[in-house]
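This is a predicted model, so every value here is computed, not measured. Just so we're on the same page: letters track the sequence lines, and every chain starts at 1.
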2 protein chains.
Amino acid sequence: MATEDLMTKVLDALGDAQPTAEAIHDLTDLAEVPSSMTIAEVADRLALSAHTLRYYERAGLVTVARDSQGHRVYDAGAVRRLVFLTRMRLSGMSMRELQHYIELVDAGEHTVPERTAMLAEHRATIIRRLRELTLSLVAVDYKIATYGGAAGSDVERGPSRDAAA
Amino acid sequence: MATEDLMTKVLDALGDAQPTAEAIHDLTDLAEVPSSMTIAEVADRLALSAHTLRYYERAGLVTVARDSQGHRVYDAGAVRRLVFLTRMRLSGMSMRELQHYIELVDAGEHTVPERTAMLAEHRATIIRRLRELTLSLVAVDYKIATYGGAAGSDVERGPSRDAAA
DNA sequence: ATTTGCGTTAGAGCGCGCTCGAAGTCCTAG
DNA sequence: CTAGGACTTCGAGCGCGCTCTAACGCAAAT
C-alpha cells in the first residue's frame, strides 16, 4: 500500500503547486556570490567544467569580461545567470530554448510576457516529467518487490500466474 | 508558502516510498496484451517508431519471431519486455545498462541478486532526479511569481534587493 | 499486370551537448 | 633561466539514441 501512497502523495503534491516563494530566495539564485570569480571557481561552484562554461559563453548564454591578461572574470550577475541556466538545463530545457530565452532577456522589458510564457511552458514540462518519473518509480518498486525482475515475462513463467489483483 | 509546501510534500512523499505494489499490476507491465502484434501495432502502443523497435532488437534487448513473410511477430512476452524497457528508458536508464540487465535476465535465475541491485540503484537515481526536478520546479515558480524572469540579474537590478530572507 | 502498402535489411547520418586537443600567452616559484 | 600551471582561442571529435535512406520482397486491391 505504501507504493500507492507514494504515487498519490506525489501526484497530489504536484496538483497543488501554486507558487509563492519567499525564503527560497537563495535556493533559486542567490547565496553569497562573490563579486568576481575565475572560471575555475565558477566551474567548481556550479559543478560544470571550464570547457562547458566557455561553451555556454560561445553559445551566447552569458557575457563574461576579461582581465588584463585576457582571463575571464565572472561577476555576480554572470554567476547568477549561470546558476539559472544550469538549473534550467538540469530540468530539461534545451540549449536552443535557453538561447531564445536569453535573447528575450537581452531584448528588454517588453519581452517579459513571452518569457513568462516560456517559463510556464517549461513548468508544465517539468510537471509531466515528474509524473513520468513517479510512474517509473512505482514500476521499479513493483519489480523489486516481486522478484529480481523478470523483464518481460514479468510473472516469471512459473506455474502460478495469479497472485494478487 | 504554497511553494514551500510543494517541495516539502513531494520530498516527504519520496521519503516514505517503501514499495509493496498490488493492484498496480497493469500499471507496470500487463493490461491486456494481445498474444501477437505487428511492429506497427507495437510501435503505436508504446509510442515508439518502428525504427526504434528494430533498433532495440538489434541492440539485443528483445528477441522477436518472424512470420512466413519474414515480418516481425511480437508475442505478449516481447511486448511486456518492451513496456518494461520503455519505462526504464523514460526514467533515464541508458541503453548500455539495459543491455546489461537483459543479459542478466537471459542468463538465468542466479542473476536475480545482481538484477535487484541494478533496480535498486536505478531507483535511487530516479529519486535523485525527482528531487532535482522538484527543486527546479520551485525555482521556475519563483521566477514566474516575481516577474517575467530576469535570468541572472534576478532581482532585476532594481533598488530594493532585500525583500525576504 | 501493376500499383499500393507494409514490411524487410544493412548501413549511413544526425542533433544534442558537451569534451577534448593543440598551440600559444602569461605569471610565479625554484 | 626554466619549468609549471592556469589560462586563452579555435576547431575537431565523441557518445548517445535514435532516425532515416536505399533497395528490395511479398500480397492484396484495382
Query raised in the report: When you check every protein heavy atom under 4.0 Å of nucleotides 16-22 of chain D, what one-letter string (B, S, -) results, 5' to 3'?
Result: SBBBBB-
Requested in this report: Mind listing the closest non-hydrogen atom pair of A/Ala107 and A/Thr111 along with its distance?
Outcome: CB-CG2, 3.8 Å
Query raised in the report: Can you list every salt bridge (charged side-chain N to carboxylate O under 4.0 Å, His left out) pair that touches residues 47-59 of chain B, not counting sequence neighbours?
Result: B/Glu57-B/Arg66, B/Glu57-B/Arg72
**Report entry** Minimal non-hydrogen separation, A/Arg89 against A/Met93, with atom names
**Finding:** NH1-O, 2.5 Å
Query raised in the report: What is the distance from CG of A/Leu53 to P of C/dC20, rounded to the nearest Å?
Result: 14 Å
Query raised in the report: Applying the 4.5 Å side-chain criterion to the ILVMFWY set and letting contacts propagate, would A/Val73 and A/Leu46 be lumped into a single cluster?
Result: no
Report task. For the residue pair A/Ser91 and A/His122, confirm or rule out a side-chain donor-acceptor distance under 3.5 Å. Result -> yes
**Report entry** Nearest atoms (heavy-atom pairs only) where A/Ser36 meets A/Glu41
**Finding:** O-OE1, 4.3 Å
Can you tabulate the close N/O pairs, meaning under 3.5 Å, that link protein atoms to atoms of nucleotides 5-8 of chain D?
| unit_1 | atom_1 | unit_2 | atom_2 | d |
| --- | --- | --- | --- | --- |
| D/dT8 | OP1 | A/Arg72 | N | 2.6 |
| D/dT8 | OP1 | A/Arg72 | NH1 | 3.0 |
| D/dT8 | OP2 | A/Arg54 | NE | 3.1 |
| D/dT8 | OP2 | A/Arg54 | NH2 | 3.2 |
| D/dT8 | OP2 | A/Arg72 | NH1 | 3.3 |
| D/dT8 | O5' | A/Arg72 | NH1 | 3.4 |

**Report entry** Side-chain H-bond candidate by donor/acceptor type, A/Arg131 with A/Thr134, under 3.5 Å
**Finding:** no
Requested in this report: For the pair A/Gln99 (side chain) and A/Ala59 (backbone), establish whether a donor and an acceptor sit closer than 3.5 Å, ignoring hydrogens and angles.
Outcome: yes
Requested in this report: Please state how far atom CG in B/Asp44 lies from atom C1' in C/dC6, giving the value in whole angstrom units.
Outcome: 14 Å
Report summary line: B/Met37 atom CE is separated from C/dC6 atom C1', nearest whole Å, by 16 Å
